[in-house]
Visitor: 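Handing you this structure, nothing more for now.
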Amino acid sequence: MRKQGNGMVWLLFGPVLLTGLGLIAAAGWRVAQHLQSLHWKPVEGMLVERGVEATSASLGRRQQGTSRLSGSFSYAWQGKAYTSDQISFSALSESSGANLDDWNQRLDNYLGPDHSKFTVWVNPADPAQAVALRDIRWLEIGFLAGLGAAFAISAGALLHALYAPKDQPPQFSWRAVAIMAGVGAPLSVLAPLLWRDSHGVWAGVVLVPLLLALHGVVYGLRLRARGTPGPAR
């Protein structure tokens with residue numbers, strides 16, 4: 001009976017865990033795109049066309065919707081002409097009711113009017129790949145990573161509780177330290193980027209998991225040096 005119950009819990013919360021991990025991976029991919037573009041080369045581009053991808057829905061008497069600026073631009077690399085529609089790495093639309101970071105306006109100001117010229121960033125290894133505004137949209141990263149972490153931690157904690165030993169006092173665990181280090185190491189990559197973009201407080205926040213992992217390593221080594229029995233693997 002218990003195995004059947006465990007299977008039902010996995011059926012319900014397994015997808016939640018995978019969704020959380022997927023959202024975290026999506027946030028990591030946005031950062032990876034930005035880091036890759038730091039090695040791209042600047043060239044002059046020209047706006048070919050622009051548009052707005054909009055959705056709307058009625059919530060009672062209120063009309064709510066989202067919008068996302070779209071467009072395409074042309075550029076040349078080593079004498080060959082190209083066209084790209086990747087005006088930024090962001091894929092998150094803005095809400096008409098809660099415009100928190102003015103990303104559409106920022107893009108609009110960068111691109112300028114039709115047929116205006118601006119700097120675009122070209123991948124020299126693949127000149128067909130280019131982006132207009134390569135900046136990180138921190139609101140999107142925070143939304144994806146935060147929601148993903150909430151899903152993953154909640155579902156993971158519940159699934160772990162199914163198999164955790166009962167009626168045993170908590171013990172030091174190198175496995176927990178390794179997990180914290182695995183989470184903290186990629187997060188620490190964001191710290192210099194956040195500091196560069198004047199988000200000093202968040203730069204400190206993303207370093208917390210790695211600092212906790214380092215504290216766990218020191219604590220575990222002290223336990224081992226004292227010969228304290230019972231550290232869990």
Visitor: Can you list the residues that meet the ring pair (Phe, Tyr, Trp, His ring centres under 6.0 Å) rule with Tyr82, with sequence neighbours excluded?
Guide: Tyr75
Visitor: Which residues pass the side chain to side chain contact (heavy atoms under 4.5 Å, CB included) test with Leu194, not counting sequence neighbours?
Guide: Trp138, Leu190, His199, Trp202, Ala203, Val206
Visitor: So do the side chains of Leu210 and Leu187 get within less than 4.5 Å of each other, counting heavy atoms only?
Guide: no
Visitor: Looking at residues at least two apart in the chain, or sitting in another chain, which of them share a side chain to side chain contact (heavy atoms under 4.5 Å, CB included) with Pro15?
Guide: none
Visitor: If you measure from CD on Glu49 to CG on Asp85, what distance do you get to the nearest 0.5 Å?
Guide: 9.0 Å
Visitor: Would you please name every residue forming a side chain to side chain donor-acceptor pair (under 3.5 Å) with Asn109, sequence neighbours left out?
Guide: Gln105
Visitor: Who passes side chain to side chain contact (heavy atoms under 4.5 Å, CB included) against Pro42, sequence neighbours left out?
Guide: Thr119, Trp121
Visitor: Within a strict 4.5 Å, meaning less than it, do heavy atoms of the Trp77 and Lys41 side chains meet?
Guide: yes
Visitor: Hey, could you give me each pair passing salt bridge (charged side-chain N to carboxylate O under 4.0 Å, His left out) that has a residue in residues 203-217? Not counting sequence neighbours.
Guide: none
Visitor: If you measure from CG on Leu133 to CD on Gln86, what distance do you get to the nearest 0.5 Å?
Guide: 11.0 Å
Visitor: With sequence neighbours excluded, tell me which residues meet side chain to side chain contact (heavy atoms under 4.5 Å, CB included) with Val189.
Guide: Leu35
Visitor: Can you tell me how far CG of Leu111 sits from CD1 of Ile87, rounded to the nearest 0.5 angstrom?
Guide: 5.5 Å
Visitor: Show me the pairs that pass salt bridge (charged side-chain N to carboxylate O under 4.0 Å, His left out) and involve residues 199-220, at least two apart or across chains.
Guide: none
Visitor: Would you compute the distance between atom OH of Tyr110 and atom CZ of Arg134 and round it to the nearest 0.5 angstrom?
Guide: 8.5 Å
Visitor: Name all residues meeting the side chain to side chain donor-acceptor pair (under 3.5 Å) criterion together with Gln129; count only those two or more places apart in sequence or in a different chain, and write none if there are none.
Guide: Asn123
Visitor: For His34, which residues count as a side chain to side chain donor-acceptor pair (under 3.5 Å) partner, sequence neighbours excluded?
Guide: Arg196
Visitor: Do Ile24 and Ile136 land in one hydrophobic cluster if side-chain heavy atoms of ILVMFWY residues count as linked below 4.5 Å?
Guide: no
Visitor: Which value, rounded to the nearest 0.5 Å, describes the distance between Leu69 atom CG and Ser88 atom OG?
Guide: 8.5 Å
Visitor: Would you list the atom pairs, donor with acceptor, under 3.5 Å between side chains in residues 140-147 and any protein atom, with sequence neighbours excluded?
Guide:
{"residue": "Glu140", "atom": "OE1", "partner": "Ser90", "partner atom": "OG", "Å": "2.9"}
{"residue": "Glu140", "atom": "OE2", "partner": "Arg30", "partner atom": "NE", "Å": "3.1"}
{"residue": "Glu140", "atom": "OE2", "partner": "Ala91", "partner atom": "N", "Å": "3.1"}
{"residue": "Glu140", "atom": "OE2", "partner": "Leu92", "partner atom": "N", "Å": "3.3"}

Visitor: Roughly how far apart are Trp40 CH2 and Leu38 CG, rounded to 0.5 Å?
Guide: 10.0 Å
Visitor: Could you tell me which residues satisfy side chain to side chain donor-acceptor pair (under 3.5 Å) with Asp135, sequence neighbours excluded, listed by chain and number?
Guide: Arg106
